[in-house]
Amino acid sequence: MKFEMYHSCITVLDLEKSMAFYEEALGLTEVRRMEAEDGSWKIVFLASDSSPSTYRLELTWYRDRKDPYDLGDNEIHIGFRTADIDKAHEKHKEMGCICFENESLGVYFIEDPDGYWMEIVPVR
């Protein structure tokens, strides 16, 4: 039996703000959207044009959710690779979203509007 990774889901408080962040920070754009008929939830799938896979980041929004999500120790993250780590680092520094750097490994993390971490790794 074989499996293929399809998507990761994170829940967000402000869908438009999160979508704008992921587009600016990582170049992800909307590729699919689902909405409840009564407007109680929306699901938006984002993807990278440069990714050869079908992997997606799913943003789920619930209308009635008003409080920030409890991310616990926030030890979970999603990794992104880039061929130009220096340019990416400069952009993320300008955006003010770098939350942790591990210089010995040559990686760093950015934080989205809801506090989720994304790891930025150079192509090796």
Side-chain angles (χ1 to χ4, degrees):
M1 188 177 335
K2 292 175 113 180
F3 295 91
E4 176 185 353
M5 290 183 67
Y6 167 60
H7 73 270
S8 294
C9 173
I10 58 175
T11 49
V12 300
L13 285 179
D14 184 329
L15 183 59
E16 299 306 319
K17 184 176 182 179
S18 293
M19 290 175 63
F21 173 84
Y22 283 103
E23 183 170 2
E24 181 179 356
L26 299 168
L28 303 182
T29 57
E30 181 177 337
V31 294
R32 184 173 172 219
R33 179 182 290 247
M34 300 165 33
E35 299 184 29
E37 287 185 25
D38 66 359
S40 61
W41 57 264
K42 294 179 186 177
I43 295 174
V44 174
F45 289 91
L46 305 178
S48 168
D49 289 342
S50 63
S51 178
S53 73
T54 58
Y55 191 78
R56 307 287 185 247
L57 177 60
E58 175 187 330
L59 304 181
T60 299
W61 170 84
Y62 296 107
R63 177 186 60 208
D64 295 335
R65 181 71 186 212
K66 304 299 181 217
D67 297 319
Y69 289 92
D70 181 356
L71 303 182
D73 292 334
N74 202 11
E75 290 294 327
I76 297 170
H77 65 272
I78 299 171
F80 289 84
R81 286 189 296 219
T82 180
D84 195 342
I85 192 84
D86 294 330
K87 188 174 180 180
H89 187 273
E90 183 178 320
K91 176 178 190 57
H92 295 142
K93 187 174 182 180
E94 289 173 7
M95 290 177 65
C97 61
I98 296 175
C99 56
F100 181 76
E101 297 187 58
N102 186 326
E103 292 179 13
S104 66
L105 291 179
V107 303
Y108 67 93
F109 293 80
I110 60 175
E111 186 173 15
D112 85 349
D114 289 280
Y116 295 102
W117 285 23
M118 304 295 142
E119 181 178 17
I120 310 301
V121 178
V123 173
R124 301 175 204 239

Practice problem: Kindly determine whether Met19 and Leu59 satisfy side-chain contact (heavy atoms from CB on, under 4.5 Å), including the steps that lead there. | Solution: CA-CA 8 Å; Met19 290 175 63; Leu59 304 181; 3.8 Å; yes
Exercise. Identify the heavy atoms of Asp14 and Trp61 that sit nearest to each other, and give their distance.
Key: N-CD1, 4.4 Å
Quiz prompt | Leu71 atom CG, neighbour heavy-atom count above 12 within 6.0 Å | solution = yes
Exercise. Applying salt bridge (Lys or Arg N to Asp or Glu O under 4.0 Å), run through Arg32 and Glu30 and close with a yes or a no.
Key: CA-CA 6 Å; Arg32 184 173 172 219; Glu30 181 177 337; over 6 Å; no
Quiz item: What pair of heavy atoms forms the shortest contact from Tyr22 to Met118, and how long is it?
Solution: OH-CE, 3.1 Å
Practice problem: Give the cluster check for Val12 versus Met95: same hydrophobic cluster or not, with ILVMFWY residues linked at side-chain heavy-atom distances below 4.5 Å. | Solution: yes
Self-check item: side chain to side chain donor-acceptor pair (under 3.5 Å) partner of Tyr108, the single match among Glu101, His92, His89, Lys93
Solution: His92
Self-check item: Minimal non-hydrogen separation, Ser8 against Ile78, with atom names
Solution: CB-CD1, 3.8 Å
Self-check item: Side-chain (Asn102) to main-chain (Ser104) donor-acceptor, under 3.5 angstrom
Solution: yes
Quiz item: Does Trp41 have its ring centroid less than 6.0 Å away from the ring centroid of Tyr62?
Solution: no
Quiz item: So with a 6.0 Å cut-off around NZ of Lys66, is the heavy-atom count from everything else above 12?
Solution: yes
Quiz item: Are Ile120 and Trp117 linked, directly or through other ILVMFWY residues, by side chains that come within less than 4.5 angstrom of each other?
Solution: no
Quiz prompt | Aromatic plane relationship, His77 with Phe109 - under 30° parallel, 30 to 60° tilted, over 60° perpendicular | solution = perpendicular
Practice problem: Answer whether the closest heavy-atom distance between the side chains of Asp49 and Thr29 falls below 4.5 Å. | Solution: yes
Exercise. Please check if the side chain of Arg81 supplies one atom and the backbone of Ala83 the other of a donor-acceptor pair under 3.5 Å.
Key: no
Practice problem: Test Tyr69 against Leu13 for side-chain contact (heavy atoms from CB on, under 4.5 Å), laying out the working first. | Solution: CA-CA 8 Å; Tyr69 289 92; Leu13 285 179; 4.1 Å; yes
Quiz item: Are Tyr55 and Met34 co-members of a hydrophobic cluster defined by side-chain heavy atoms under 4.5 Å apart?
Solution: no
Exercise. Check step by step if side chain to side chain donor-acceptor pair (under 3.5 Å) holds for Thr82 and Asp84.
Key: CA-CA 5 Å; Thr82 180; Asp84 195 342; over 6 Å; no
Self-check item: Short N-O contact, Arg33 and Glu35, less than 4.0 angstrom
Solution: yes
Quiz prompt | Intermediate values then yes/no, side-chain contact (heavy atoms from CB on, under 4.5 Å), Ile10 and Thr60 | solution = CA-CA 6 Å; Ile10 58 175; Thr60 299; over 6 Å; no
Self-check item: Side chain Tyr116, main chain Thr11, donor-acceptor under 3.5 Å
Solution: yes
Quiz item: Can you hop from Ile110 to Val107 via hydrophobic side chains spaced under 4.5 Å?
Solution: no
Practice problem: Please state whether the rings of Phe45 and His7 are parallel, tilted or perpendicular, taking 30° and 60° as the class boundaries. | Solution: perpendicular
Exercise. Kindly work out whether a path of hydrophobic side-chain contacts (I/L/V/M/F/W/Y, heavy atoms less than 4.5 Å apart) joins Leu26 to Val31.
Key: yes
Quiz item: Can you find a heavy atom in the side chain of Phe21 that is under 4.5 Å from one in the side chain of Cys97?
Solution: yes
Exercise. State, to 0.1 Å, how close Gly106 and Arg124 come at their nearest heavy-atom pair, and which atoms those are.
Key: O-NH2, 4.1 Å
Practice problem: Please answer whether the main-chain N or O of Gly115 pairs with a side-chain N or O of Asn74 as donor and acceptor at a distance below 3.5 Å. | Solution: yes
Quiz prompt | Closest heavy-atom pair and its distance - Asp114, Ser18 | solution = OD2-OG, 3.3 Å
Exercise. Check whether any side-chain N or O of Asp70 sits under 3.5 Å from a backbone N or O of Gly72 as a donor-acceptor pair, and report yes or no.
Key: yes
Quiz item: Can you tell me how far the CZ atom of Arg56 sits from the OG atom of Ser48, to the nearest 0.5 Å?
Solution: 9.5 Å
